[in-house]
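All heavy atoms count here, side chains included; hydrogens, waters and symmetry mates do not.
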Amino acid sequence: MRRRFLAVLGGVAMAVSLAACSGEGAGGGGDTSSAKPSDLTIGVSMPTQTSERWIADGNSVKEKLQAKGYKVDLQYAGDEIPTQSQQIDQMITQGADVLVIAPIDGTALSGQLQAAAAAKIPVISYDRLIRNSPNVDFYVSFDNYKVGVAQANALLVGLGLQNKDGSKGSATGPFNVELFAGSLDDNNAHFFFNGAMDTLKPYFDAGTLKVKSGQTKIEQVAILRWQQETAQKRMEDLLTSSYNDGSKVDGVLSPFDGLSRGIITALQNAGYRGGAKKMPVITGQDAEVASVKLINDGVQSSTVFKDTRLLADQAVVAAEAFLKKEEPKANDTKAYDNGNKVVPAFLLPVQTVYKDDIKSALIDSGYLTAQEVAAGRAG
Ligand code: BGC
């Protein structure tokens, strides 16, 4: 009741004084530093449940916070921007003490963030940077530029142009490759693509890699909302428009396992399987179980593994720091300018997984079981 009242008032001074009097959780601006965890609520806003990683992220953050006694309001927005805005509005009016947000569209939440700031609710941007707002207090993510570098290197390794240790490979090319990027409204998509293109540039310049479609700008290769079906359709269109002269695709830069599966379906439907028309080298990201099976079966070449359990840990560390009225520890204070300010960040490392790494990186670490990999699905 008190919380709804506060939300209606929206007055920060009033909120602080009432919270102080009641002695329970701050609920939008009060002094959380001496409150019991069970009186504090963390709102966690995740973009979608269509991709495994966000389900794993949501569950991990929730479990880790609950294990420390906090209340958690976890919501998924079904990749709909208005739904996410509404869910965050509600978290604010219901008195969340910290918000952890993985945005669908990095630029679409400034209204919500303004309301959060007015209620003195710290905002942690989770995995994806919230853009164009001064009201983002911290960012927890992976080194997204290095994800793109890793994807480009995996493409080069798969083609034999480079060895895993970074030395020059025995292949000479030239090879036909096609490029895919993620959703333009996701800040990460740009970091992945830039990291990849910076790494591949010398090979394009030397003519070792060629993009027959000529589509090399992120605007031309981006896939809205990271949709598998859209990627499949684009790959089908590329095959029809640029490879109907008997030429073959040798490699595909794909930034996400879901897109890779769409690309693989298009290629399989066009007869790419083995022999003279063998499946191109295809990259990925997220170590989704269906794709790890494809890697194990030799269909997809690699994925970039980002351990969402570690990211959830960092989100919890940052949330607790804010609740104690401390600043979370950043390990990067330069890379993530959100268009309004540079957001202090804690970035985690990433790991490329080829077939040979599945056991050590994914199974031995308990991320997936051998049975799940064999079946290609979780559970
Ligand atoms: C994440 C990736 C994910 C993609 C699609 C990006 O923001 O960083 O891990 O593959 O969204 O969900």
Please tell me if the side chains of F346 and L348 come closer than 4.5 Å, counting only heavy atoms from C-beta onward.
-> yes
Applying side-chain contact (heavy atoms from CB on, under 4.5 Å), run through Q300 and D257 and close with a yes or a no.
-> CA-CA 9 Å; Q300 185 172 319; D257 286 344; 3.1 Å; yes
Rounded to the nearest 0.5 Å, what's the gap from CG on N340 to CG on N135? Could you check?
-> 8.0 Å
Between the side chains of Q84 and D105, is a donor N or O closer than 3.5 angstrom to an acceptor N or O?
-> no
Check ion pair D237-K233 (N to O, under 4.0 angstrom) = yes
Give a yes or no answer on whether the side chain of R131 reaches the backbone of T107 with a donor-acceptor pair at less than 3.5 Å.
-> no
So which of K68, K325, K329 actually passes salt bridge (Lys or Arg N to Asp or Glu O under 4.0 Å) with E320?
-> K68
Side-chain donor-acceptor pair under 3.5 Å between E236 and Q232, yes or no?
-> yes
Under a 4.5 Å cut-off applied to non-hydrogen side-chain atoms, are D127 and S141 in contact?
-> yes
Between T308 and Y367, a side-chain donor and acceptor under 3.5 Å = yes
For residues F256 and F192, establish whether the separation of their ring centroids is below 6.0 Å.
-> no
Please examine the side chains of T352 and N153, heavy atoms only from C-beta on, and report whether any two atoms are closer than 4.5 Å.
-> no
Enclosure of K201 NZ (heavy-atom neighbours >12, cutoff 6.0 Å) = no
Between S254 and S260, do the side chains contain an N or O donor and an N or O acceptor separated by less than 3.5 Å?
-> yes
Is a side-chain donor-acceptor pair under 3.5 Å present for D198 with Y145?
-> yes
Just by distance, with hydrogens left out, do D332 and Y139 show a side-chain donor and acceptor under 3.5 Å apart?
-> no
The single option from K248, K212, E178 that satisfies side chain to side chain donor-acceptor pair (under 3.5 Å) with Y243 is E178
Give a yes or no on this: more than 12 heavy atoms of other residues, nucleotides or ligands lie within 6.0 Å of atom NZ of K277.
-> yes
Test side chain to side chain donor-acceptor pair (under 3.5 Å) applied to W226 and T50, T48, D79, D186, the passing residue | D186
R53 and D57 ion-paired at < 4.0 Å | yes
Validation row: T216, F204 side chains within 4.5 angstrom (heavy atoms) = no
Any luck finding a side-chain donor-acceptor pair between D73 and T41 under 3.5 Å?
-> no
Heavy-atom distance under 4.5 Å between the side chains of M197 and L179, does that happen here?
-> yes
